[in-house]
Every structure is written in structure tokens, then in C-alpha cells.
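Lettering follows sequence order; numbering is per chain, from 1.
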Number of protein chains: 2
Amino acid sequence: MTFSEENYLKTIYHLTTLLDSEISTNAIAEKMETKASSVTDMLKKLSEKNLVNYKKYQGVSLTDKGLHSAKMIVRKHRLWEVFLVDKLDFAWDEVHDIAEQLEHIKSEKLINKLDEFLNFPTEDPHGDPIPNAEGMIVKVEKQLLSELTEKQAGVCVGVKDTSSEFLQYLDKQEIALGSKIEVMSKESFDLSLKIKVGNKELMISNKIAANLFVKKV
Amino acid sequence: MTFSEENYLKTIYHLTTLLDSEISTNAIAEKMETKASSVTDMLKKLSEKNLVNYKKYQGVSLTDKGLHSAKMIVRKHRLWEVFLVDKLDFAWDEVHDIAEQLEHIKSEKLINKLDEFLNFPTEDPHGDPIPNAEGMIVKVEKQLLSELTEKQAGVCVGVKDTSSEFLQYLDKQEIALGSKIEVMSKESFDLSLKIKVGNKELMISNKIAANLFVKKV
DNA sequence: ATAAATTTTTAGACAAAGCTAAAAATTAAA
DNA sequence: TTTAATTTTTAGCTTTGTCTAAAAATTTAT
Ligand SMILES: [Mn+2]
Ligand SMILES: [Mn+2]
Ligand SMILES: [Mn+2]
Ligand SMILES: [Mn+2]
């Protein structure tokens, strides 16, 4: 499988986890910053290899084989991110681009030994689940901070947006995975929140809250 | 730089360390198991980018820029090999193919952090030197076991042939980097050797001896 | 239900990197 | 020093993945 094929499969997989339905050509093109015509070409190729179910004009979905391949790529991506953060001491906002390259290294033995070396982590540095060697994923129940109501509290367990800007904002506010966050009050006008992290209080916009996953406590 | 360009540079570098002179198109083609015509195409491209000095029909050599790039690729290859053996517990005959992939990952920060994580090794699992971040190489004086005469002894410090077959043969005979090897006698007819490793004596062909580097003691 | 807007596919081109076959240059042999 | 053998380059073709522009299908609006 080429890097390009792998990137398409991964994109289709990610889009599927957001909207569980047939994925449109345009959605793929937008996410991959490429042209719809290129996507169509690739969908034909992936369909030929039985990695996707594709009927023209009807969108596309992953076959069992395609789903498994996609999960193995995601597994590699996230395990390498754990390696970079835990072992090489990278910050959580620096690892994605490198993992985009490392996820294409082909060696089952390598990834399984890496998994063992890292002590079989179930989540990556951004709180995303890591599929195991069989493709099984441990689902952690979590919700967006923006869904909590006043006086509710939760532990930060993940981020939706993984951009450097957002992650660095969280660093600046000393919000990390594991931080306990309490909703002090909610402004009905713009849905902004006053929250308490540790013993500090701060105001965050709804946009921030809608990109932080918490587990209610 | 593409994977392909990097592989050509690395090959030219390796050939240069063997025969310090202009490298021929055919030599490159043979080593890379490709066609001479493909090599010519690539040499033009590398020359255009000022990575090699190329005059047609006159062979090729690396420019300073090309030499540095080649060394950085070799550095990555060998550091990843150390990682695989020391941290992930791979055998020394299993790591080359994986390192062939990993050497193309682009991130200076990654390779320098890996270097630190591994404690700045100067040699890879096969005894080959690892260029530092500036491209400097610590040369260890070593010679082939086949060059020793009767009664001389040395410590095994490297292998010339790094094929799985050869490395596994050494494993079977319990010869590893660091093993002390003593030449008991040498057969003048075929240059085969009777050697002592640890407290075991064994016979080895000249071909074996000509692929083992030792440091005289 | 028809027209307009949007999405998706097709057709045709291009760059990268490889190949084969033929031509040109160099090197070795007679 | 010619001729023969070898090496290297050129010319032309193929595949992969991309693009633009135009055509076709689908969806939305009137
Ligand atoms: Mn990532
Ligand atoms: Mn991640
Ligand atoms: Mn190697
Ligand atoms: Mn090596």
C-alpha cells in the first residue's frame, strides 16, 4: 500500500467516526486539501483493491479490510505520538507532523514491540484511543466541557482540536490531561464559562469548551 | 528531498567509502539493483540541485552539500538501528530493512532527541560509525580478521557483510561485538583459520574471516 | 415540475521515477 | 591504430498521483 492510499483510508476513517454514514468525495477532498477529481481517481483504485465500498455519486465507506487497515495506521500514528512524548520528551503540540510520517513505516513486529516498550498504552497524548493489534478500541465515555452545566465538574481526558495553537493555549492556562475542571458559571449570552482549574479561576469561550473532552466526576 | 534522491546519495556515499574516486553509473546501478539509464536520469537531477559533481561519461562524486546530506541519512539509519536493538530488543540481523524506512523520516529535532535518548552512541549494532549532528565520524582503527597472523588476537568490533545469513552464522558460533578472538593457526592452502572464541575453538573459512573486523590486542 | 445551483465524474495533461532499445562515447584488444 | 567490447547516455514509453476544465448527475430552490 502506498503512502497516498494509506492517507486516504485514514481520512475516510476519521470522517466516518464523525458522521457515521457514506462519506462524500468533497468531504475527503476538503480534509486532504486536494481536488475532488483526485479523490474520485483514488476511490476507484481503493475500490478495485476492496478497501472501500464505492458507487459513483453515492459516496464511499470502508470495507472490513479497509477499516482494519485504517485502524492499523491510526494505531501506528498514536503509538508513535506516545513514544515521542513519553520517551523523547516532545511537547504534545509537536508530535502530530512527525507521527504523520512514522505512521507509514511498514513492520508489524516493529509496532508491536513499540507497543510493548510503551507498556500497551490505550490513549495517545491527546486522549485519543489507540487500537490494539487486533483493531479493538477501548471506548472511554467522555463529553465536551461545553455540555456541562453550572456546578458540574470533570477531569480533562482529551482534546477535539489538536492544533498547536489550541494545545499551547491549554499549556499556558495549565490545563492538561488529568486536570480537574469545575464549571463555576455559564454566561447564557455567549455560552462562555467561568471555570476553576486547580485553584485558579478563569474565563473561557464556548469555542474552547467545545474542544475539551471531560469525564464527569 | 525525495526518498529516491536520498537513496541515491546514500549509495554514492557508501561506494565512495570503498573506492575513494569518481563513482561510475554502472556501480550505482548494480548496488541499487536498477538500470544504468535510471541512474543517469537521477544524476542529472542531483547535479541540478548541487548535490553531486557530474560530468557525463566521467562518473560522479558528492559535493560538500551532498556529502553532508548523505551523512545525515546514514546517521539516521544507524541511530534507528541502535534504537531497535537496544530499546526494542531486535536482533542485529533484523534491523536493517526497518532502518531503511526510518532513515527517511524528516525531523532534525527527532533525530537529535533520539540520539540523546540512546546516549549518543558512536557505533551501530554492526560496529559501523554513527556521524554526529555535524557529520563528524569517530574513526576506530580496525582490520579484518583475515589479516591477522598466527598467534595474534583481537576483539571483534564490526562486520563487513551485514546480511542476515552471516549475522545468524555468527550468533550460532557465539561470536558477537566484543568477543575476543585468537588466531590459533592458519592453513596456507585455503587461508582458513582455526580460532579460539571464549574457550571454544572452531574452524572458519577465509571468507568468514574477511568479513569480520577486529581490533588487535 | 422545471430551472438553478451544487456535487461528482470524466477527459486530457503533467511531473516523477522507472523501464527497454538504440545511439554515442570510452576503454580494451588485436 | 583500427576494431571490438563495454559503458554510458538518449529517446521514447509506462505507471502513479496530481491538476484543470468540461460534462454529467444530483440536490435545492422557485
Ligand atoms: Mn496526531
Ligand atoms: Mn493524537
Ligand atoms: Mn543497516
Ligand atoms: Mn548497520
Side-chain angles (χ1 to χ4, degrees), chain A residues 1-16 18-19 21-62 66 69-70 73 100-101 103-106, chain B residues 1-16 18-19 21-62 66 69-70 73 100-101 103-106:
Chain A
M1 202 155 13
T2 66
F3 284 22
S4 193
E5 291 173 319
E6 292 190 338
N7 284 332
Y8 274 95
L9 283 183
K10 193 180 49 153
T11 299
I12 296 167
Y13 173 76
H14 283 138
L15 290 171
T16 301
L18 299 180
L19 315 101
S21 67
E22 302 296 289
I23 305 302
S24 75
T25 301
N26 258 6
I28 298 168
E30 192 175 348
K31 188 120 183 194
M32 298 189 73
E33 298 183 65
T34 185
K35 302 290 151 150
S37 55
S38 303
V39 175
T40 300
D41 285 347
M42 184 56 86
L43 294 183
K44 284 179 188 164
K45 189 178 169 195
L46 294 175
S47 177
E48 201 55 51
K49 294 190 175 188
N50 272 300
L51 292 161
V52 301
N53 306 116
Y54 170 63
K55 271 189 297 192
K56 43 171 162 167
Y57 291 102
Q58 304 310 136
V60 74
S61 61
L62 294 170
S69 301
I73 300 160
E100 286 288 304
Q101 298 181 61
E103 74 190 4
H104 300 293
I105 301 293
K106 275 138 196 103
Chain B
M1 200 155 14
T2 65
F3 284 23
S4 193
E5 290 173 318
E6 292 190 338
N7 285 332
Y8 275 96
L9 284 182
K10 193 180 49 153
T11 299
I12 297 167
Y13 173 76
H14 283 138
L15 290 171
T16 302
L18 299 181
L19 316 100
S21 68
E22 301 295 288
I23 306 302
S24 74
T25 301
N26 258 6
I28 298 168
E30 192 176 348
K31 188 119 180 194
M32 298 189 72
E33 299 183 67
T34 184
K35 302 292 151 144
S37 54
S38 303
V39 174
T40 300
D41 285 346
M42 183 57 85
L43 293 183
K44 285 178 188 164
K45 189 178 171 193
L46 293 175
S47 178
E48 201 55 51
K49 294 191 176 189
N50 273 298
L51 292 161
V52 301
N53 306 116
Y54 170 63
K55 272 188 299 195
K56 37 173 168 165
Y57 291 104
Q58 304 310 135
V60 75
S61 62
L62 293 170
S69 300
I73 300 160
E100 287 287 306
Q101 299 181 62
E103 72 190 4
H104 300 294
I105 301 294
K106 275 139 197 104

Whole-Å gap separating [atom2] ([N]) and [atom1] ([X]):
X: Asp41(B); N: dA21(C); atom1: CG; atom2: C1'; result: 14 Å
X: Tyr57(B); N: dT10(D); atom1: OH; atom2: P; result: 7 Å
X: Met32(B); N: dC19(C); atom1: CE; atom2: C1'; result: 15 Å
X: Lys55(B); N: dT26(C); atom1: NZ; atom2: P; result: 12 Å
X: Glu33(A); N: dT18(D); atom1: CD; atom2: C1'; result: 15 Å
X: Lys35(B); N: dA11(D); atom1: NZ; atom2: C1'; result: 17 Å
X: Leu43(B); N: dT7(D); atom1: CG; atom2: C1'; result: 14 Å
X: Met42(B); N: dC19(C); atom1: CE; atom2: P; result: 11 Å

Taking everything shown except Glu30(B) itself, do over 12 heavy atoms lie less than 6.0 Å from its CD?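 It does not: Glu30(B) CD has 12 such atoms or fewer within range.
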Can you tell me how far the [atom1] atom of [X] sits from the [atom2] atom of [Y], to the nearest 0.5 Å?
X: Phe3(B); Y: Ile73(B); atom1: CZ; atom2: CD1; result: 11.0 Å
X: Glu22(A); Y: Gln58(A); atom1: CD; atom2: CD; result: 8.5 Å
X: Asp41(A); Y: Thr34(A); atom1: CG; atom2: OG1; result: 9.5 Å
X: Met32(A); Y: Thr11(A); atom1: CE; atom2: OG1; result: 4.0 Å

Side-chain N or O of [X] closer than 4.0 Å to phosphate OP1/OP2 of [N]:
X: Tyr54(A); N: dT8(C); result: no
X: Ser38(A); N: dT18(D); result: no
X: Thr25(A); N: dT9(C); result: yes
X: Asn26(B); N: dT8(D); result: yes
X: Lys56(A); N: dT10(C); result: yes
X: Thr34(B); N: dC19(C); result: yes

For dT20(D), does the base pair up with any side-chain atom of Ser37(A) as donor and acceptor (N or O, under 3.5 Å, distance only)?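 Yes.
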Students often get this wrong, so: under 4.0 angstrom with heavy atoms, is Ser4(A) touching a base, only sugar-phosphate, or nothing? sugar-phosphate
So what does Thr2(A) touch, heavy atoms closer than 4.0 Å: a base, only the sugar-phosphate, or nothing? sugar-phosphate
The residue, Gln58(A) or Tyr8(A), whose nearest nucleotide of DNA chain D is more 5′ is Tyr8(A)
